[in-house]
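Only a predicted model underlies this, so the values are computations on that prediction, with no experimental measurement involved. All values below were derived from every heavy atom in this structure, side-chain atoms included, with hydrogens, water molecules and symmetry-related copies excluded. We count residues from 1, following the sequence as given.
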Amino acid sequence: MAAIEWLGGSLADAFALAGAQQRPLFLYWGAVWCPPCNRVKSEIFARDEFVQRSAAVLCYHLDGDSAGAQALAAQYALRSYPTLVLFAPDGSEITRLPCELDGELFVAAFDTALTVHAAGSSAAAALDAALTGTRALSGDEWTLLAHYSWDTDEGKLLGTRALAPTLATLAAASTDPDAARLRLHAQLAAGAVDAADLLALLADARLARVNMDIFNNSGVNLIKIASRREELAAALGGVAAQWADDFWLSAPDRLMAVRLQMRLARLLAPAHGLQDRVREKVEEALAASTDPYERHTLVNTAVSALNDAGLSAQAEQVLLAELPRSHSPYYFMLSLAANAKRRSDIAGVLAWYGKAWQAATGPATRLQWGVTYLNSVIDLAPQDSARIEQAAQGVLADIQIAGTDAFQQRNLAQLQKLAPKLATLAAGPHTAALIARL
């Protein structure tokens, strides 16, 4: 089976080659342990149609743990794993694509982005025209904006504009079918839902399906901020039940729909046997999964669904069974720590966070996991100065390994969470000098 040809060398080399060959550059920013990244690999990057499309552009994978990656991420406003950006040959952004789309819809969105670029436009140009009214947008430009990854924008497209009013303006000006997607984005951003509009959208099987990613990820949030909640929950639950049994959907998307059913039931209604359904669907999905990328995201969703169903013991069993076979077991150790936290097992929380840190690979991941562990020790065992000192020494070592990248983007954000907690410890007699160094 054909595969995407990822460029070697530096990102600067990739941009230079794109300019020399006058070809767009597709950038994938991600990490080995990231469940959505693994879903992208199994659902999109392994798809023949996308591999064929990728031949028309240059492709570059920027791993968050590669040397200097966090500094580059700060330079190009990349934060969330994964972020998928399509650049023009001159280095300007054509668009950012949402990773949550299924393979078929992602290919269509990718095609639209290339079409818009070929016509001399981009997401930025389309947004400016839509907000200023200087010209009418093409249908493809509206589709491009509707399928923009607003969640990973990091201010690149919005600039100083506020998200909610910008989306509301676009939704009001757009035409079907893209208006429905823009309205969903706008209502989530504004924290206000038009119940009648949402019910009409859910009643349209085609419109609901093309917006499945939004419903699977944010459907419960939509219900929480809406009136007529019981009616909306029943409608969304019925749609989710259909997706959960849809053979044509990927296993991760079907399991996401099962999780959505469970979350809706917890929000407003009795479970009606959904615990058994969650257990059955989890066992079915994991038994059939052989692809390591798909399995990684499946396990993550399965654990979430089982915990939502009140089946925390079964969730822990899934996690423990997965550790020996996972390519990133240290990620699932964080979930084991979270499970221990649910049952108020402080020793278990610290043990699993510590194991996750020690097992983690990659300078950025190790630093971020180490800070997570140190934060947890400070929160849960503030009297254990020896443990705090040992963890602080380890974090200092990881900072030295990461070098200047330690103070960039995701690494910096994690260290900034640690800073106020360190301040509360600085007066302690055993840790003062070490904390001062940090």
Requested in this report: Test D213 against R181 for salt bridge (charged side-chain N to carboxylate O under 4.0 Å, His left out), laying out the working first.
Outcome: CA-CA 10 Å; D213 58 311; R181 187 174 184 86; 2.7 Å; yes
Report task. State which residue, out of F87, Y60, F50, fulfils the ring pair (Phe, Tyr, Trp, His ring centres under 6.0 Å) condition with F26. Result -> F50
Query raised in the report: Any donor-acceptor pair under 3.5 Å linking the side chain of N211 with the backbone of I214?
Result: no
Report task. Identify, with sequence neighbours excluded, every residue that meets salt bridge (Lys or Arg N to Asp or Glu O under 4.0 Å) alongside E5. Result -> none
Query raised in the report: Of the non-hydrogen atoms in L86 and P24, which two are nearest, and what is the gap between them?
Result: CD1-CB, 4.2 Å
Query raised in the report: Within the distance-only criterion (no hydrogens, no angle test), does the side chain of S289 pair as donor or acceptor with the backbone N or O of L286 below 3.5 angstrom?
Result: no
**Report entry** Donor-acceptor pair, side chain of R39 and main chain of E294, under 3.5 angstrom
**Finding:** no
Query raised in the report: Does the ring pair (Phe, Tyr, Trp, His ring centres under 6.0 Å) test come out yes or no for W243 and W248, once each step is laid out?
Result: CA-CA 9 Å; W243 293 337; W248 297 104; over 10 Å; no
Query - Check: V299 main-chain N/O paired with E322 side-chain donor or acceptor under 3.5 Å - result: no
Query - T143 versus D178, side-chain donor and acceptor atoms under 3.5 Å - result: yes
Requested in this report: Show the numbers, then the answer: is there a salt bridge (charged side-chain N to carboxylate O under 4.0 Å, His left out) between D379 and K421?
Outcome: CA-CA 8 Å; D379 286 341; K421 295 185 180 181; 2.7 Å; yes
Query - N339 versus N307, side-chain donor and acceptor atoms under 3.5 Å - result: yes
Report task. Assign the ring pair F110 / F106 to parallel, tilted or perpendicular, where the plane angle (0 to 90°) is split at 30° and 60°. Result -> parallel
Query - By ring-ring contact (aromatic ring centres under 6.0 Å, His included) - contacts of F215 (at least two apart) - result: none
Requested in this report: Evaluate the side-chain proximity of P35 to N38: yes if any heavy-atom separation is below 4.5 Å, no if none is.
Outcome: no
Query raised in the report: Looking only at heavy atoms, what is the nearest atom pair of H147 and A109, with distance?
Result: CB-CB, 4.3 Å
**Report entry** Expected output: side-chain R387 to main-chain Q383 donor-acceptor under 3.5 Å
**Finding:** no
Requested in this report: Go through the steps for Y28 and F45 under the test ring pair (Phe, Tyr, Trp, His ring centres under 6.0 Å), then give the verdict.
Outcome: CA-CA 10 Å; Y28 159 53; F45 293 168; 5.2 Å; yes
Query raised in the report: Is it true that atom OH of Y76 has more than 12 heavy atoms of other residues, nucleotides or ligands lying nearer than 6.0 Å?
Result: yes
Query - Charged N-O contact under 4.0 Å between D153 and R79 - result: no
Query raised in the report: With no hydrogens and no angle check, do the side chains of S149 and T152 hold a donor and an acceptor under 3.5 Å apart?
Result: yes
Check residues 355-364 and write down every donor-acceptor pair under 3.5 Å in which the side-chain atom is one partner and the other belongs to a residue at least two apart or another chain.
unit_1, atom_1, unit_2, atom_2, d
W357, NE1, R366, O, 3.3
W357, NE1, D398, OD2, 2.8
T361, OG1, Y330, OH, 3.4

Requested in this report: Using a 4.5 Å cut-off on heavy atoms from C-beta on, say whether the side chain of V57 contacts that of R23.
Outcome: no
Query - Qualifying side-chain hydrogen bond (donor to acceptor under 3.5 Å, both in side chains) pairs, either residue in residues 100-110, two or more places apart - result: D102-R209
Query raised in the report: Does R96 come within less than 4.0 Å of D151, counting only side-chain N to carboxylate O?
Result: no
Query raised in the report: Looking only at heavy atoms, which two atoms of H185 and L167 are closest? And how far apart?
Result: O-CD1, 3.7 Å
Query raised in the report: If only atom types and distance count, is the side chain of R254 paired as donor or acceptor with the main-chain N or O of L249 below 3.5 Å?
Result: yes
Query - Sub-4.5 Å side-chain heavy-atom contact between K224 and L267 - result: yes
Report task. Hey, could you give me each pair passing salt bridge (charged side-chain N to carboxylate O under 4.0 Å, His left out) that has a residue in residues 298-311? Not counting sequence neighbours. Result -> R263-D308, R266-D308
Query raised in the report: Of all residues at least two apart in sequence or in a different chain, which pass the ring-ring contact (aromatic ring centres under 6.0 Å, His included) check with H296?
Result: H327, Y331, F332
Query raised in the report: Can you tell me if T372 uses its side chain to pair, donor with acceptor, with the backbone of Q368 under 3.5 Å?
Result: yes
Query raised in the report: With sequence neighbours left out, what residues match R343 under salt bridge (Lys or Arg N to Asp or Glu O under 4.0 Å)?
Result: E316, D345
Query raised in the report: Do Y353 and V349 have side-chain heavy atoms sitting under 4.5 Å apart?
Result: yes
Requested in this report: Write out all pairs satisfying salt bridge (charged side-chain N to carboxylate O under 4.0 Å, His left out) with one or both partners inside residues 51-65, taking only residues at least two apart or from two chains.
Outcome: R53-D111
Requested in this report: Output all residues satisfying salt bridge (Lys or Arg N to Asp or Glu O under 4.0 Å) with E43, sequence neighbours left out; order by chain, then residue number.
Outcome: none
**Report entry** Heavy-atom side-chain proximity of L11 to L27 below 4.5 angstrom
**Finding:** yes
Requested in this report: State, with a plain yes or no, whether a side-chain heavy atom of L127 is found less than 4.5 Å away from one of T166.
Outcome: yes
Query - L145 CG to T95 OG1 distance, which is reported to the nearest 0.5 Å - result: 7.5 Å
Query raised in the report: Is there a donor-acceptor pair under 3.5 Å between the side chain of R183 and the backbone N or O of A171?
Result: no
Report summary line: Applying side chain to side chain donor-acceptor pair (under 3.5 Å) to S121 and not counting sequence neighbours gives E141
**Report entry** Euclidean distance, D204 CG relative to L199 CG, rounded to 0.5 Å
**Finding:** 13.0 Å
**Report entry** side chain to side chain donor-acceptor pair (under 3.5 Å) partners for R279, two or more places apart
**Finding:** D276
Query raised in the report: Is it true that atom CD of E154 has more than 12 heavy atoms of other residues, nucleotides or ligands lying nearer than 6.0 Å?
Result: yes
Query raised in the report: Does any non-hydrogen side-chain atom of D194 lie less than 4.5 Å from one of L198?
Result: no
Query raised in the report: Are the side chain of S122 and the backbone N or O of A125 linked by a donor-acceptor pair below 3.5 Å?
Result: yes
Query raised in the report: At their closest point, which heavy atom of A285 faces which heavy atom of L255, and how far apart are they?
Result: CB-CD2, 4.4 Å
Query raised in the report: Within the side chain of S80, is there an N or O that forms a donor-acceptor pair under 3.5 Å with the backbone of P82?
Result: no
Query raised in the report: Taking the side chain as C-beta and beyond, is there a heavy-atom pair between V85 and L78 under 4.5 Å?
Result: yes
Requested in this report: Rounded to the nearest 0.5 Å, what's the gap from CD on Q261 to CG on L274? Could you check?
Outcome: 5.5 Å
Query - Residues which pass salt bridge (Lys or Arg N to Asp or Glu O under 4.0 Å) with R410, listed by chain and number, not counting sequence neighbours - result: none
